[in-house]
Amino acid sequence: MERAYKMYDFLIIGAGLYGAVCARELTDAGKKVLVIDKRSHIAGNVYTEKIEGINVHKYGAHIFHTNNKKVWDYVQRFATFNRFTNSPVANYKGELYSLPFNMYTFNKMWGVVTPEEAAAKIEEQRREAEITEPKNLEEQAISLVGTDIYEKLIKGYTQKQWGRPCDQLPSFIIKRLPVRLTFDNNYFNALYQGIPIGGYTKMVENMLSGIEVRTGVDFFEHKEELIADAKSVIYTGPIDAYFNYSLGNLEYRSVRFENEILDKPNFQGNAAVNYTDAETPWTRIIEHKWFEFGKDEDGNDLPKTVISREYSSEWKPGDEPYYPVNDEKNSKLYADYKALAEKENDVIFGGRLGEYKYYDMDQVIAVALEISVSLK
Ligand code: UDP
């Protein structure tokens, strides 16, 4: 069904960060854009919803952090960021440790006081493990921080999160975790960090301001009409879904959230507490109010609190896909889908699901900005 006159220059499928940034940039370049999303709301997985005066991160905690000045300046146009710094706490069978791994962690684990002592302890454990070239996450972790920290703070958590033993996971996953010989509890090695005041939904709403957005629209149900009306398509959904899983399913990890409103002001005293043992069924508990220092927008203390327990699970059709599983098998399958994608005329595949890539928010924005420049 080819139409001579096309209503839109771009049909953007998915109103998450990738879609919203492309929509903004292309609209500002004079293009006519339609954004659709199958959910009833915008903002994809960064969506926040206000409950008891608290911005609840409905699809998992999102902490904006970046070293990319251009991206940081860009997001400032759509939100003011607070000074939140991510410092999760690890709970291993009731023992509490600082994250990321730093001098507080090493002191609690081994009683060491100086950076030299900590380095010597890690080196000793690394030598005992006899790992020269780490081949998987387990070996990578042990050679970074030694066996004690691996056993108490990494092994159980990682196996719960990925549903696979650590020796069957790629080591790059753990490279996200910094290791420091300083007393610095800031989880990220980023120049810029914070949470948009008023929530991520508001930020994405500002990005999409003045742009036609239709929520609750499933692309695959209306594919013919939608495509007939647009010159080009930007698709941010799962790449395998686009091709109707014709080469088989890519694997994802999914997350189930159990949200609870508690009639008390403080449950755990921190935004994130990771449960790093293998027995506790959830991976972590998020207490959302601490992303905004326990206050509402007028600076008043909030009497209640909202917590989310996160349960990691294998994705099956019908679940929300969250994390791509970039192991060898899936990377190969993705490469095959990518080859199909390259043959699709006038369709761009982007974002965490479209590119099957473990992107952070700032990386998604950076690639969306880049692609938009090439499309203007
Ligand atoms: N990780 C861990 N223990 C922790 C936190 C993280 O072993 O307490 C490992 C785990 O393998 C995880 C990876 O570090 O998959 C990256 O964790 P991060 O919290 O950065 O991932 P996110 O879920 O926030 O994207």
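Atoms within each ligand, like the ligands themselves, are counted from 1 in listed order.
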- What class does the angle between the rings of Y337 and F243 fall in, given that below 30° is parallel, 30 to 60° is tilted and above 60° is perpendicular? parallel

- Query: Thinking salt bridges, do K108 and E95 make one under a 4.0 Å N-O criterion?
  - Reply: no

- Message: Between E320 and R39 (salt bridge meaning N to carboxylate O under 4.0 Å), is one present in this structure?
- Response: yes

- Query: For Y187, is at least one N or O under 3.5 Å away from an N or O on ligand 1?
  - Reply: yes

- Task: Report yes if the distance between the aromatic ring centroids of W290 and F84 is under 6.0 Å, otherwise no.
- Result: no

- State plainly whether the residues E314 and R164 are in salt-bridge range, i.e. N to O under 4.0 Å. yes

- Which atoms of ligand 1 are found less than 4.0 Å from any heavy atom of T276? 8 (O)

- How about K50: does its NZ atom have over 12 heavy atoms from other parts shown lying under 6.0 Å from it? yes

- Can a non-hydrogen atom of K155 be found less than 4.0 Å from any atom of ligand 1? no

- Note on the structure: A student comparing Y323, Y97, Y150, Y359 should find that the heavy atom closest to atom 23 (O) of ligand 1 comes from Y323

- Would you mind listing which atoms of ligand 1 come within a distance below 4.0 Å of any non-hydrogen atom of L99? 8 (O)

- Per-atom contacts, ligand 1 versus Y358 - under 4.0 Å to a heavy atom: 21 (O), 22 (P), 23 (O), 25 (O)

- salt bridge (charged side-chain N to carboxylate O under 4.0 Å, His left out) pairs, two or more places apart, involving residues 193-205: K202-E205

- Out of T283, I154, N274, the nearest non-hydrogen contact to atom 5 (C) of ligand 1 is supplied by N274

- Among L153, L169, I149, which residue places a heavy atom closest to atom 3 (N) of ligand 1? L153

- For ligand 1, which atoms sit closer than 4.0 Å to a heavy atom of I173? 11 (O), 13 (C), 15 (O), 16 (C)

- Region of R253 that comes within reach of ligand 1 [heavy atoms, distance under 4.0 Å]: neither

